[in-house]
Amino acid sequence: MSMPLGRLCLRPHASVQLSRFTSTSTDKSSTQALDGDFFALNKRISHLIRTGQIAQAREDFDRMEQRNVVTWNSMITGYVKRREMAKARKLFDEMPERDVVSWNLMISGYISCRGDRYIEEGRSLFDQMPVRDCVSWNTMISGYAKNQRMTEALQLFNRMPNRSVVSWNAMITGFLQNGDVVHAIEFFERMPERDRASLSALVSGLIQNGELDEAARILLECGNRDDGREDLVHAYNTLIAGYGQRGRVEEARKLFDQIPFSHEKGKEGNRRFERNVVSWNTMIMCYVKAGNIVSARELFDQMRERDTFSWNTMISGYVHASDMEEASSLFSKMPNPDALSWNSLILGYSQVGCLELAHDFFEKMPQKNLVSWNSMIAGYEKNEDFVGAVKLFARMQIEGEKPDRHTLSSVLSVSTGLVDLHLGMQVHQMVTKTVIADVPLNNSLITMYSRCGEIKQAHTIFDKMKLQKDVISWNAMIGGYASHGFAAEALELFALMKRLKVRPTYITFIAVLNACAHAGLVDEGRSQFKSMIREFGIEPRVEHYASLVDIIGRHGQLEEAMGLIKSMPFEPDKAVWGALLGACRVHNNVALARVAAEALMRLEPESSAPYVLLYNMYADAELWDDAAEIKLGDADRQQADSNEIARPDFQCLGLKKCSRVIIKYQ
DNA sequence: GTAGGGTTAG
């Protein structure tokens, strides 16, 4: 039997491949099927599918006068890759003739859809197929392994006629994914032969199970046994990264030093047990993650063959250290900066507040990708240039870039910052279309809606989250109720949260105290403050004190409030004094108001608010001499009279007009 | 055209 050379050695059951070049029954003669045009057409289809142009591929496929099994299989691959199993199945059923690959493709498609229903479908095909090759068995085994069904995986493994290295590797990965370290190691030691993936699979699986030292032991053994040399570096690199991720940098370095290092040039690679570029890069990365930029740089300077990775790791290290001088100096020396290098600079400059520089790099970079857009938009948002963020978001859509969870999260924060319900709702729609059940995004939606006053809508989202709520969801919802004066709802939700054993954080208590403040619940506020400390061991922060001062002060117990301020273990901030001043205003305590106002003036000399408030109080009490001592500018006096400041209109470009914002003095 | 795996940015 003649077989295309090169395939033979990979396929123990290669004889099933016979139908490879036979034409299908509806097609013309087989001699014609072998001409150059035909191959070109098949090649074109597979190219279209590789590049994701499935619709075009299908058009070509439908137009083809003759097809062979490869044509059909290519088309099926396209649907399988997109998990469109119904379409794949339809083609599969229509095929005039199938080979092993057709069956294997379908099985692997069903398997990667996950879910038991799909596995059963794959298994049923596996059982029906006339001849199975190595790939069929391995697909099925790894399918079971990936879905935590090791019993069935093992059954197939035992029944399998000619096991390959892949079968063993799949079993090892499967055991490790199920936390079965013992069987994984046992299988690894029993393997008749290993390839470059075997050690990698074992080591990375052991790392996932937290068995780093066990992995290190096995590696040392393999090194001593002169065994598995080909991929030993590979495995060492994996383990170095594992130690690094767990902050065990010194152990990572010990492993790095264990790898032999030759000074010969151009001999690096996986074929010899010897440090390669990845080893260096990984070690540098460990230092960067640990914040040890000096050691990272030392290694970087020692390297002979730096690649893009090395440069980018180093640049991102400086970015994390907010050292933009070094970051940009490296960038300018880098031979071929890629998108990642540019993005790191954009990120770094926005991080330190240099939006113009960040934007310069953003405009100058030759090939923007999604991360570039996201970094720039997030940069605007973090620096509170909300309008800049919205403009860029609009431009992004005009230029056809699709937003993802990161984009949407930034723009949602922007909507919240602008209190722009219209924009927020647009983003909400996009979230529904592009992301499935993302907890942080849902949390941001809750915050956005409640900040915009749509507390009902916020609650709808909160409700829909069901079991996937985290503390932040609870905090957002309780905080939303609190800030809108729904104290009963806030406290009820807080009670429910505790019943469900969700541990509150200091933020939860800010919201709870805030709710009490709004509703004038003095005793409730006091007892919540106490329970925070005693039941949950949360140290009160300045925000909690400010809230409690507000609660007590507004109730008229100004002296007690003042006492609380004096008892604070840290300096009161403007919120604390502001709360006291507000309470003094309500209860007409001019003497204490003066103390609070003066403290505020020291903390924020540029703010006119305490002056205005004190002025009004003096005026009400007809203390004209005191009032005269407060020097107000004309503008401030007008404010004192009207009690309102108006901000000019502004526009969110390309999307909508925002309404006038009025800020009222309390 | 199918089965198993090392390092960088939001």
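Note on naming: letters A, B, ... go to the chains in the order of the sequence lines (proteins, then strands), and numbering restarts at 1 for each one.
- As a whole-Å value, the separation of A:N343 CG from B:dA9 P is 11 Å.
- In this structure, the side chain of A:N336 does not engage the main chain of A:T308 through any donor-acceptor pair within 3.5 Å.
- Nearest to the side-chain atoms of A:A197 among the listed nucleotides B:dG6, B:dG4, B:dT7 stands B:dG4.
- We find that CD of A:E193 is positioned 18 Å from P of B:dG4, with the value rounded to whole Å.
- Ring geometry for A:F187 against A:F157 counts as tilted: the plane angle lies between 30° and 60°, on a 0 to 90° scale.
- Judged by atom type and distance alone, A:N276 reaches the base of B:dG6 through a side-chain donor-acceptor pair under 3.5 Å.
- The side-chain contact (heavy atoms from CB on, under 4.5 Å) test applied to A:T313 returns A:I284, A:M285, A:V288, A:F309, not counting sequence neighbours.
- In this structure, A:Q208 atom CD and B:dG5 atom C1' are separated by 11 Å, rounded to whole Å.
- Of the candidates B:dG5, B:dA9, B:dA3, B:dG5 carries the atom nearest the A:S204 side chain, counting heavy atoms from C-beta on.
- Within 4.0 Å of A:L340, counting heavy atoms only, lies at least one base atom of the nucleic acid.
- Residue contacts for A:R163: at a heavy-atom cut-off of 4.0 Å it reaches no nucleic acid atom on any strand shown.
- The only member of A:I218, A:T238, A:I172 that meets side chain to side chain contact (heavy atoms under 4.5 Å, CB included) when paired with A:L206 is A:I218.
- Among the protein residues, A:N42 comes within range of no part of the nucleic acid, since none of its heavy atoms lies under 4.0 Å from any strand.
- Taking every side-chain heavy atom of A:T139 into account, B:dA3 is the closest of B:dA9, B:dT7, B:dA3.
- As a whole-Å value, the separation of A:N312 CG from B:dT7 C1' is 11 Å.
- Protein atom CG of A:L212 is 14 Å distant from nucleotide atom P of B:dG6, rounded to whole Å.
- Nearest to the side-chain atoms of A:K289 among the listed nucleotides B:dT8, B:dA9, B:dG6 stands B:dT8.
- Atoms CG (A:D195) and P (B:dG5) sit 11 Å apart, rounded to a whole Å.
- Within 4.0 Å (heavy atoms only), A:K382 reaches no atom of the nucleic acid at all.
- Contact check, A:K146 against B:dG4: a side-chain N or O comes under 4.0 Å of OP1 or OP2.
- As judged by a 4.0 angstrom heavy-atom cut-off over every strand, A:H47 is placed among residues making no nucleic acid contact.
- A sub-4.0 Å separation between OP1 or OP2 of B:dG4 and a side-chain N or O of A:T173 is absent.
- Look at CG on A:L347: it is 13 Å from C1' on B:dT8, rounded to the nearest Å.
- Under the rule for a salt bridge (charged side-chain N to carboxylate O under 4.0 Å, His left out), A:E211 has no partner lying at least two apart in sequence or in another chain.
- Comparing B:dT7, B:dA9, B:dG5 by their nearest atom to the side chain of A:V278 picks out B:dT7.
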